[in-house]
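Hydrogens, waters and symmetry mates play no part in the numbers below; they use all other heavy atoms, side chains included.
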Amino acid sequence: IVQEEYTLRELTTREQEQWSDQFTALQFRANPQLFDNTREALSVLKKEGYPLFISSSFPQTALIAAVGAHDMRDYFDLVMGYAEGGAFQKGGPHFSRASEELRIPMNQLAYVGDGNDDIVLSKEFGLYTVAFADVEIPNSRNALSIHGPDKVISSIDDLLPIFPGSPRG
């Protein structure tokens, strides 16, 4: 049975999604920590009336499970991951849905991302772009800055001053 399951062959879209979900679930279990002060920052932004969404390349089912495992459902108006065999993914499809459902023009959305693709995609679609440089990754700030984000931060604490109406904004 094991040999048959692991024989090299092209996977169906459904099998790819299942393996991706399993991998993502393992990653979330192995790395369950949030950045310091994440809950506090999200709470402040929600209290100030900012609608919040997640746009991720993680599989939708695993992402929703992770948000639930961290007990963070109430912070987000939309949680969007990779779904529908790739038809619904981070970038244009997610940003369009966020704009429509939150009733906010695309050029008034802000996106906080920690990867080069996050910065490139959000800039491409006209979003205000905040790059989150991981201090654990050497040269992260420089690598993200190349793509021209509107702001580069290295701590959740640096996020609130960016948004008007927040205590530090």
Side-chain angles (χ1 to χ4, degrees), residues 23-82 89-99 101-169:
F23 175 78
T24 302
L26 288 172
Q27 286 293 94
F28 278 122
R29 277 199 297 265
N31 247 338
Q33 299 300 315
L34 299 173
F35 291 110
D36 290 340
N37 301 325
T38 296
R39 288 182 199 284
E40 293 82 358
L42 293 174
S43 181
V44 167
L45 292 171
K46 285 305 287 182
K47 285 179 185 170
E48 290 300 322
Y50 286 99
L52 302 174
F53 68 93
I54 295 176
S55 172
S56 175
S57 56
F58 284 120
Q60 179 76 15
T61 53
L63 183 61
I64 289 172
V67 170
H70 284 291
D71 196 27
M72 297 184 72
R73 286 186 192 105
D74 293 340
Y75 293 110
F76 298 102
D77 299 278
L78 289 171
V79 176
M80 300 173 287
Y82 178 88
Q89 59 187 328
K90 181 169 61 173
H94 284 188
F95 301 153
S96 293
R97 173 145 329 146
S99 179
E101 290 195 22
L102 301 175
R103 300 178 193 263
I104 299 172
M106 189 98 66
N107 66 354
Q108 292 180 17
L109 292 175
Y111 190 78
V112 179
D114 63 354
N116 291 332
D117 63 329
D118 296 330
I119 308 313
V120 170
L121 285 171
S122 57
K123 293 298 287 183
E124 180 181 324
F125 286 92
L127 279 65
Y128 183 86
T129 305
V130 179
F132 193 104
D134 189 338
V135 295
E136 301 292 320
I137 300 174
N139 240 5
S140 175
R141 179 175 285 275
N142 292 339
L144 293 170
S145 294
I146 290 169
H147 301 289
D150 297 292
K151 293 279 186 189
V152 179
I153 63 173
S154 55
S155 165
I156 290 291
D157 294 330
D158 299 333
L159 188 60
L160 292 179
I162 295 170
F163 294 96
S166 68
R168 291 177 252 158

note = With sequence neighbours left out, the residues meeting side-chain contact (heavy atoms from CB on, under 4.5 Å) with Ile146 are none

Residue pair Tyr111 / Phe95, side-chain heavy-atom distance below 4.5 Å = yes

ask   = Do other residues, nucleotides or ligands put more than 12 heavy atoms under 6.0 Å from the NZ atom of Lys151?
value = no

request  = Taking the side chain as every heavy atom from C-beta outward, state whether Ile54 and His94 have any pair of such atoms under 4.5 Å apart.
outcome  = no

task = Compare every heavy atom of Val120 with every heavy atom of His147, then report the nearest pair and how far apart it is.
result = ND1-CG2, 3.4 Å

message = Using the side chain to side chain donor-acceptor pair (under 3.5 Å) criterion, which residues pair with Lys46? Sequence neighbours excluded.
response = Asp77

Nearest atoms (heavy-atom pairs only) where Ala41 meets Ile156 = CB-CG2, 3.3 Å

task = Before giving the answer on side-chain contact (heavy atoms from CB on, under 4.5 Å), spell out for Asp114 and Asp134 the whole-Å C-alpha distance, their side-chain angles and the decisive distance to 0.1 Å.
result = CA-CA 7 Å; Asp114 63 354; Asp134 189 338; 5.9 Å; no

ask   = Any side-chain heavy-atom pair from Ser56 and Lys90 closer than 4.5 angstrom?
value = no

request  = For Asp71, enumerate each residue passing the side chain to side chain donor-acceptor pair (under 3.5 Å) test, keeping only those at least two apart in sequence or located in another chain.
outcome  = none

task = Determine, step by step, whether Tyr50 and Val44 satisfy the side-chain contact (heavy atoms from CB on, under 4.5 Å) criterion, reporting the C-alpha distance in whole Å, the side-chain angles of both residues, the deciding distance to 0.1 Å, and the verdict.
result = CA-CA 9 Å; Tyr50 286 99; Val44 167; over 6 Å; no

ask   = Under the side-chain contact (heavy atoms from CB on, under 4.5 Å) criterion, do Gln89 and Ser57 qualify, and how do the steps go?
value = CA-CA 6 Å; Gln89 59 187 328; Ser57 56; over 6 Å; no

remark   = Looking only at heavy atoms, the pair that brings Pro51 and Gly49 closest together is CD-O, 3.2 Å

query = Quick check: does any side chain N or O of Gln108 sit under 3.5 Å from a backbone N or O of Tyr128, one acting as donor and the other as acceptor?
reply = no

inquiry  = If I compare all heavy atoms of Ala133 with all of Val152, which pair ends up nearest, and what's the gap?
reply    = CB-CG1, 4.1 Å

remark   = Tightest non-hydrogen contact, residues Asn116 and Ala143, listed as OD1-O, 3.4 Å

ask   = Quick one: which of Asp117, Thr129, Asp150 gives a side-chain hydrogen bond (donor to acceptor under 3.5 Å, both in side chains) with Ser122?
value = Thr129

inquiry  = For a quick test of reading the model, state the closest non-hydrogen atom pair linking Ala98 to Leu109 and the distance between them.
reply    = CB-CD1, 4.3 Å

ask   = More than 12 foreign heavy atoms under 6.0 Å from CG of Asn107: is that the case here?
value = yes

ask   = Below 4.5 Å, heavy atoms only, C-beta onward: do Leu63 and Tyr82 meet side chain to side chain?
value = no

inquiry  = Is the shortest side-chain heavy-atom distance between Ser43 and Tyr75 below 4.5 Å?
reply    = yes

